[in-house]
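In what follows, every chain begins at residue 1, and chains take the letters A, B, ... in the order their sequences are listed. Below, each value reflects all heavy atoms present in this structure, side chains not excepted, and no hydrogens, waters or symmetry copies.
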Amino acid sequence: MKVGIEEKFMIKELISEKTAEAIKKAAKKGELGQLKPEDITELFIEKTKNPEFGDYAVNISPLAKNARMAPPKIAEAIKSYLNIDDVEVSIIQGFINFKLGNSILNNGIAKIILKNKDFGRNNLGNSEKVLLEYVSANPTGPLHIGHGRWAAVGSALANLLKFSGYEVDQEFYINDAGNQINNLGKSLWIRILQELGVEANFPQTEEEGSKNYYSGDYLIEVAKEYLKHNKDKAEEFYKNNSEPLNPSDEVIHKMSGFAKGIMFKQQEDLLRKFRTEFDTWYSETTLHQSGEVEKTIEKLRSLDKLYEKEGALWFKSSEYGDDQDRVIKKGDGSYTYLTADIAYHYDKVERGFERLINIWGADHHGYVARIKASIEAMGKNPNCLEVLLGQLVNLIISGEQVRMGKRRKMLTLEDLIEEVGVDATRFWMIMRSIDTTLDFDVDLAKSCSDENPVYYVQYAHARVCSILRTATGERFDQDNKTLLPPFITQEELKELVNSEKFDKNFLEALWKTNSEKELESTKALILKLESFEDLVQTAAKTRSPYMIARYCQELAKDFHYFYTFTRVLNVENDVMKARLCLINAVKQVFANALDLLGVCAPESM
RNA sequence: GCGCCUGUAGCUCAGUGGAUAGAGUAGCGGUUUCCGAAACCGUUGGUCAUGGGUUCAACUCCCAUCAGGCGUACCA
């Protein structure tokens with residue numbers, strides 16, 4: 001079956017277009033007072049607050065100013081030109097309300113069956129080439145919970161943007177150069193010495209430089225791994241480096257190289273397990289080695305954006321809105337972190353990406369102005385860079401807040417996933433707007449109870465599947481002790497939702513009932529399903545995967561409500577078929593939505 | 001001091017300048033001979049931090065104040 005006109009449009013679009021037409025007609029005829037057709041602003045179609053009013057509504061009060069008429073009169077004038085098939089139009093004060101008829105609702109289901117996996121897909125992005133960078137952790141230790149939030153949100157956002165017609169590349173910038181990497185090497189050296197039985201300790205106080213070491217236990221394993229293959233080498237190093245805290249550059253280099261290799265591999269493996277897949281792993285070191293960093297400096301120099309002061313080289317970022325100028329090359333001749341980052345972002349633009357989206361922790365927000373300044377200084381449009389600043393994560397364990405410290409003992413992302421599972425962790429990480437500090441309640445996320453929104457959603461999906469299984473399974477007749485044939489065979493069920501030959505007429509049976517509850521719950525469910533398309537666009541536009549998570553909860557709610565009042569099986573055959581088709585649509589929408597989140601939609605649980 | 005984020009029900013959070021500010025959870029009271037009760041229904045609970053301003057209309061926009069978080073490096 002081909003997609004008919006009715007199935008092409010979202011209900012909101014349909015109402016919006018028809019209303020705009022009606023307003024234009026009324027304005028042309030001079031029935032809207034002073035209002036001219038060009039005064040018409042974008043109409044805001046909303047769901048009604050109260051179902052008694054109808055299903056959708058548009059508030060025409062904003063037109064009152066230009067028209068110089070009372071809102072109810074405006075509404076009356078517009079209404080007389082408003083004619084939408086199978087939609088009842090009514091007026092209450094400044095609102096025009098729309099009540100949808102059955103055939104519009106049936107079309108909503110038909111659209112889902114026809115579009116299937118592509119229901120919700122749209123072309124908002126218009127193939128814009130996006131580089132989405134997130135996580136970008138230092139390879140100096142295990143990923144922590146905060147990284148987990150960006151991994152979950154970032155990968156979900158990537159899915160969402162792709163679904164909305166953007167061409168997305170996901171990238172992880174490996175901060176594998178600079179001081180922290182040296183510190184990592186020095187720290188590993190101490191662990192290796194300890195494994196060799198040498199007296200070697202991390203500095204204990206800040207004065208002694210404890211901040212410059214990674215004293216977490218995880219390096220013990222790395223030290224053991226190193227010694228497995230390089231024991232002789234380590235002993236040889238020790239002969240020439242008797243002071244544990246002052247190894248030679250050669251030792252530091254070897255140690256940091258080994259450690260970061262292992263750390264990076266661990267991060268990569270964990271992220272994959274967490275369903276976060278990057279297209280590119282971009283190493284900071286390669287930026288230095290390829291001369292990209294030098295080239296960037298030369299470019300800025302040639303544009304007269306650099307100057308020397310107090311033995312350092314500065315970038316005039318304050319010319320572009322930054323609070324102050326920034327050091328590009330330190331007094332000791334080395335570069336700051338910013339320098340490579342400028343080169344990196346310039347490279348992103350040079351690679352042909354039209355939009356750069358970064359997810360950064362809020363603790364990096366001071367960086368936004370400098371990077372934007374550098375993009376502008378290099379002659380590109382700084383607005384192509386969108387930085388999504390996410391607030392941090394607090395862990396709640398047994399009702400108490402546990403603060404994360406990088407260099408102390410901590411709960412890593414791996415531990416969390418181990419305890420809570422990938423699905424629950426992802427859902428919890430995604431379900432809040434990134435503007436708010438996330439309280440991650442480990443006990444709640446772990447609990448397989450009604451308190452856990454993940455299971456609430458997954459349970460709804462499993463319930464749908466359970467009905468479908470029951471529908472096609474043989475039944476045992478208690479009274480006669482015999483087996484009855486299934487309600488419907490596998491083949492019949494498949495035919496019912498076959499998008500090739502789909503005939504929506506049989507959906508009329510959904511409305512045969514006289515039960516208010518059945519009608520109401522069926523209608524609410526269909527409206528929720530239909531609204532997914534619009535929601536995806538809003539979520540993509542505002543870069544808000546959390547909206548998808550909320551939607552899943554709402555859909556689950558509407559389905560459970562439907563389930564409670566409306567039986568699918570053991571009803572008249574044509575009604576059953578129509579309802580089976582409806583719950584198939586529910587299953588499909590859950591699958592599409594959960595897929596965007598990277599959360600499983602289980603058949604049973 | 002300055003900058004960014006936050007402040008909405010006991011708790012965790014939604015809310016696009018528009019109708020009586022919503023959900024989950026907690027509390028209280030109910031619902032299962034019948035497709036999965038990991039569910040559902042009802043009910044209690046609000047000075048939308050405070051004070052001004054703009055607007056026909058403000059939780060929403062602007063200003064100030066208060067509170068919390070995060071920044072404010074020749075660290076990354």
Chemist: Take atom P in B/U16 and the same atom in B/C61, then report the distance between them in whole Å.
Modeler: 9 Å
Chemist: With rounding to the closest Å, how many angstrom separate the C1' atoms on B/A64 and B/C28?
Modeler: 43 Å
Chemist: Answer yes if the ring centres of A/Y282 and A/F172 are under 6.0 angstrom apart, and no otherwise.
Modeler: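 Aromatic pair excluded; centres sit 6.0 Å or further apart.
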Chemist: So, is A/K517 near the phosphate of B/C41, with a side-chain N or O under 4.0 Å from OP1 or OP2?
Modeler: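 For B/C41, OP1/OP2 do not have a side-chain N/O of A/K517 under 4.0 Å.
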Chemist: For B/G36, does OP1 or OP2 lie under 4.0 Å from any side-chain N or O of A/T470?
Modeler: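 Answer yes for this pair, as a side-chain N or O of A/T470 is under 4.0 Å from OP1 or OP2.
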Chemist: Would you indicate whether A/K330, at its atom NZ, is surrounded by more than 12 heavy atoms from other residues, nucleotides or ligands within a distance under 6.0 Å?
Modeler: yes
Chemist: Under 6.0 Å between ring centres: does that hold for A/F532 and A/Y551?
Modeler: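 Yes: the rings meet the under 6.0 Å criterion.
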Chemist: Is there a side-chain polar atom (N or O) of A/R550 under 4.0 Å from OP1 or OP2 of B/G15?
Modeler: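 Looking at the OP1 and OP2 atoms of B/G15, neither is under 4.0 Å from any side-chain N or O of A/R550.
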Chemist: Would you say the base of B/G71 and the side-chain of A/H364 have a donor-acceptor pair closer than 3.5 Å?
Modeler: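 There is none.
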Chemist: Looking at A/Y456, I'd like to know whether one of its side-chain N or O atoms comes within less than 4.0 Å of OP1 or OP2 on B/U25.
Modeler: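 So the side-chain polar atoms of A/Y456 never come under 4.0 Å of the phosphate oxygens OP1 or OP2 of B/U25.
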Chemist: In whole Å, what is the span from the CZ atom of A/F562 to the C1' atom of B/C41?
Modeler: 17 Å
Chemist: For B/G45 and B/A9, measure between their P atoms and round to the nearest Å.
Modeler: 14 Å
Chemist: Rounded to whole Å, how long is the line connecting atom OH of A/Y367 with atom C1' of B/C70?
Modeler: 16 Å
Chemist: To the nearest Å, how far apart are A/E46 CD and B/G22 C1'?
Modeler: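 Interatomic distance, CD of A/E46 to C1' of B/G22: 14 Å.
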Chemist: May I ask you to say what A/G178 touches in the nucleic acid, namely base, sugar-phosphate or nothing, with a heavy-atom cut-off under 4.0 Å?
Modeler: nothing
Chemist: Could you tell me which nucleotide pairs with B/G1 by Watson-Crick or G-U wobble geometry, both distances under 3.5 Å, or answer none if nothing does?
Modeler: B/U72
Chemist: Need one value for A/A64: base, sugar-phosphate or nothing, where a base atom within 4.0 Å counts as base even if backbone is also close, heavy atoms only.
Modeler: nothing
Chemist: Given B/A76, is OP1 or OP2 found less than 4.0 Å from the side-chain N or O atoms of A/K330?
Modeler: yes
Chemist: Please report the distance, rounded to the nearest Å, between CG in A/N59 and C1' in B/U16.
Modeler: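 Taking atom C1' of B/U16 as the reference, CG of A/N59 is at 13 Å.
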Chemist: Under 3.5 Å, side chain of A/S531 to main-chain N/O of A/K528, donor-acceptor pair present?
Modeler: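 Yes; judged by distance alone, with no hydrogens or angles, the pair exists.
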Chemist: So, is B/U16 syn or anti if syn means the angle is within 90° of 0?
Modeler: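 Glycosidic conformation of B/U16: anti.
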Chemist: Quickly work out the A/M605 CE to B/G36 P distance and round it to whole Å.
Modeler: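 Rounding to the nearest Å, CE of A/M605 and P of B/G36 are 14 Å apart.
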Chemist: Does a side-chain N or O from A/Y455 land closer than 4.0 Å to OP1 or OP2 of B/G24, or not?
Modeler: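 Answer is no, no contact under 4.0 Å.
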Chemist: What interatomic distance, in whole Å, is found between C1' of B/G7 and the corresponding atom of B/C41?
Modeler: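 About 33 Å, rounded to a whole number of Å.
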Chemist: Within the structure, does a side-chain N or O atom of A/K557 lie under 4.0 Å from either OP1 or OP2 of B/A14?
Modeler: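 Checking B/A14 against A/K557, no side-chain N or O comes under 4.0 Å of OP1 or OP2.
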Chemist: For nucleotides B/G10 and B/G46, find the distance between their P atoms and express it as a whole number of Å.
Modeler: 7 Å
Chemist: I want to verify a distance call: between B/G18, B/C70, B/A14, whose nearest atom is closest to the A/Y546 side chain?
Modeler: B/A14
Chemist: For A/Y307 and A/D325, does a side-chain donor sit closer than 3.5 Å to a side-chain acceptor?
Modeler: yes
Chemist: Out of B/A19, B/G15, B/C74, which nucleotide sits closest to the side chain of A/F53?
Modeler: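 Of the candidates, B/A19 comes closest.
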Chemist: When the C1' atoms of B/C35 and B/G22 are compared, how many Å lie between them, rounded to an integer?
Modeler: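 Nearest-Å result for B/G22 against B/C35 at atom C1': 31 Å.
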Chemist: Rounding to an integer number of angstrom, what distance separates B/U43 and B/U6 when you compare their C1' atoms?
Modeler: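 Going atom to atom, C1' in each nucleotide, I get 32 Å.
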Chemist: Output the rounded distance in Å from CG (A/D435) to P (B/G69).
Modeler: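 From A/D435 CG to B/G69 P: 18 Å.
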Chemist: How close or far is atom P of B/G3 from atom CZ of A/R370, stated in whole angstroms?
Modeler: 16 Å
Chemist: Who is the Watson-Crick or G-U wobble partner of B/U32, with both distances under 3.5 Å?
Modeler: none
Chemist: I'd like to know if A/N97 reaches the base of B/A19 with its side chain, counting only an N/O donor and acceptor under 3.5 Å.
Modeler: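 Looking at the base of B/A19, it does pair with a donor or acceptor on the side chain of A/N97 (distance under 3.5 Å).
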Chemist: Nearest whole Å is fine: how far is B/A23 P from A/Y551 OH?
Modeler: 18 Å
Chemist: Does B/G22 have a Watson-Crick or wobble mate here (both distances under 3.5 Å), and if so which one?
Modeler: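 Matched B/G22 with B/C13 under the 3.5 Å cut-off.
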Chemist: Could you tell me the Watson-Crick or G-U partner of B/A37, where both distances fall under 3.5 Å? Say none if there is no partner.
Modeler: none
Chemist: Can you confirm whether or not the ring centre of A/Y173 sits under 6.0 Å from the ring centre of A/W281?
Modeler: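 They do not qualify: ring centres at least 6.0 Å apart.
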Chemist: Counting Watson-Crick and G-U wobble pairs only, both distances under 3.5 Å, name the nucleotide matched with B/U65, or none.
Modeler: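 Pairing partner: B/A49.
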Chemist: So that I know where these two stand, are A/H560 and A/Y459 an aromatic pair - ring centroids less than 6.0 Å apart?
Modeler: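 Yes: the rings meet the under 6.0 Å criterion.
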Chemist: Ring of A/Y56, cation from A/K12 - is the NZ or CZ under 6.0 Å from the centre and inside 45° of the axis?
Modeler: no
Chemist: Choose from B/G36, B/C40, B/C13 the nucleotide whose nearest atom is closest to any side-chain atom of A/T436.
Modeler: B/C13
Chemist: Give a yes/no answer on whether the side chain of A/S466 brings an N or O atom under 4.0 Å of OP1 or OP2 in B/G36.
Modeler: yes
Chemist: Work out how far the C1' atom of B/C66 is from that of B/U50, and round it to whole angstrom.
Modeler: 7 Å
